[in-house]
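One structure below.
Sequence lines set the chain letters: A, B, ... in the order given, protein chains first and strands last, and positions in each chain run from 1. The figures here come from the full heavy-atom set of this structure, side chains too, leaving out hydrogens, waters and symmetry mates.
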Number of protein chains: 2
Amino acid sequence: MAKKNYELTESEWAIIQAVWENEPCAAPTVQEELETRKNWTYSTVKTMMDRMVTKGLLKTERMRNLILYRSVVTRIQAQKSEIMRTVKRAFDGALTPMMQFLLDNHKLSQKQLNELERLIKKKRVKGRAAGKK
Amino acid sequence: MAKKNYELTESEWAIIQAVWENEPCAAPTVQEELETRKNWTYSTVKTMMDRMVTKGLLKTERMRNLILYRSVVTRIQAQKSEIMRTVKRAFDGALTPMMQFLLDNHKLSQKQLNELERLIKKKRVKGRAAGKK
DNA sequence: TTGCAATCTTTACAAATGTAGAGTATTCTC
DNA sequence: GAGAATACTCTACATTTGTAAAGATTGCAA
């Protein structure tokens, strides 16, 4: 139910990404997966994962002598939270100014602009069809 | 020079916003400004501000027996960092997917969509004029 | 000049986060 | 069945963040 706000730290993001991609998976898998980017030992990874279970970001299930982890929040949910956090903190909660800022402050290629325009058009049509909001 | 990445915490955002709006200003001013929203005592605010000086987010200047604070990073810089952080963590560094996500996952009104389209058009033209990138 | 008001300084402490060693249990493998 | 390999548990410690009380300064007002 609850549309909670999941504020993941940098490290938690790294971990949950690995989980999303291997789900369900054991801690060693995650550790190996991250070994190159992050330089974490098994202990480190495991500790973090267990803390994430406590926080309700992951959940576990025992399979014989193995402990398998699964994500509780989806990638979409996490992305949404991350964006909402930014909008709240840095743009006073207003989405359009943030979009505008993105357009103004990041050099997008023509191609990207086209793509965006296309997306907006699509959105627009759909919105109209479905009874405007 | 350095185009550093400023990762402000929630509290730091609150403080620096107050500073931006009153710059240069003394700690008590900031504390009063935030009194309603946050419920921080003077000590709390002062401590945080001094820590932010250490971190290079604010700087001070002594005026007789007063200590005045100024921001070191601009609102734009901070917003940019905040967005970059999100893009990096949650969208694998790619801006367009993030924009797409924004369009897909947040119900924008027709008006907002129009506005965005207009902005993009403007961008497009300007980009073309200035030798495409 | 004495005391009050405003401001600053010092110190503290708890919770969260980053990081991991050392020991324990379980399971292969020879 | 004994040692090696694998995975888990427990404990620990440093740093950062959130929060603030208590004490020291200083300038002004009576």
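Direction change of the helix axis from one end of the helix from C:dT1-D:dA30 to C:dC30-D:dG1 to the other is 20°, with five pairs defining each end axis (rounded to 10°).
Applying the side chain to side chain contact (heavy atoms under 4.5 Å, CB included) rule to A:Gln31 yields the partners A:Glu35, A:Tyr42, A:Val45; only residues at least two apart in sequence or on another chain are considered.
In this structure, B:Ala27 and A:Thr44 both approach DNA chain C, and ranking their closest nucleotides by distance from the 5' end singles out B:Ala27.
A donor-acceptor pair is defined here as one N or O able to donate and one able to accept, closer than 3.5 Å; no such pair exists between the side chain of B:Glu21 and the backbone of B:Ala18. Between the side chain of B:Gln17 and the backbone N or O of B:Ala14 there is no donor-acceptor pair closer than 3.5 Å. Listed for the B:Lys59 side chain is no donor-acceptor partner under 3.5 Å among the backbone atoms of B:Val53.
Through direct or indirect side-chain contacts shorter than 4.5 Å among Ile, Leu, Val, Met, Phe, Trp and Tyr, A:Leu66 is connected to A:Met63, A:Leu68.
Considering only heavy atoms from C-beta on, A:Ile67 comes within 4.5 Å of A:Lys46 through its side chain. Side-chain atoms of B:Glu82 and B:Trp13, non-hydrogen and from C-beta on, do get closer than 4.5 Å to each other. Using a 4.5 Å cut-off on side-chain heavy atoms (C-beta onward), A:Val30 and A:Asn22 make no contact.
For DNA chain C, the span of nucleotides reached by chain B at under 4.0 Å from its heavy atoms goes, 5' to 3', from C:dT7 to C:dA12.
A donor-acceptor contact closer than 3.5 angstrom is absent between the side chains of B:Thr47 and B:Thr44. A donor and an acceptor atom, one from each side chain of B:Ser71 and B:Glu23, are located under 3.5 Å apart.
In summary, B:Glu12 and B:Arg51 do not engage in a salt bridge, as defined by a charged side-chain N under 4.0 Å from a carboxylate O. With respect to the salt-bridge test (charged N to carboxylate O, under 4.0 angstrom), the residues B:Glu7 and B:Arg89 qualify.
Residues from residues 45-58 of chain B lying near DNA chain C, meaning a heavy-atom separation below 4.0 Å, are B:Lys46, B:Arg51 in numerical order. For the contact set between residues 61-74 of chain A and DNA chain C, defined by any heavy atom under 4.0 Å, the members are A:Asn65.
The distance between atom CD of B:Glu10 and atom C1' of D:dT19, rounded to the nearest whole Å, is 15 Å.
Among the heavy atoms of the strands lying under 4.0 Å from A:Thr9 are primed sugar atoms or P, OP1, OP2 only; no base atom is included. Contact annotation for B:Ser11: backbone-only contact, meaning every heavy-atom pair under 4.0 Å involves sugar-phosphate atoms and none involves a base.
Between the side chain of B:Thr41 and the base of D:dA20, no donor-acceptor pair of N or O atoms lies under 3.5 Å.
Closest to the B:Trp40 side chain, of the nucleotides D:dT17, D:dT9, D:dA20, is D:dA20.
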side-chain contact (heavy atoms from CB on, under 4.5 Å) evaluation trace for B:Leu116 with B:Leu103: CA-CA 10 Å; B:Leu116 282 178; B:Leu103 289 174; 4.2 Å; yes

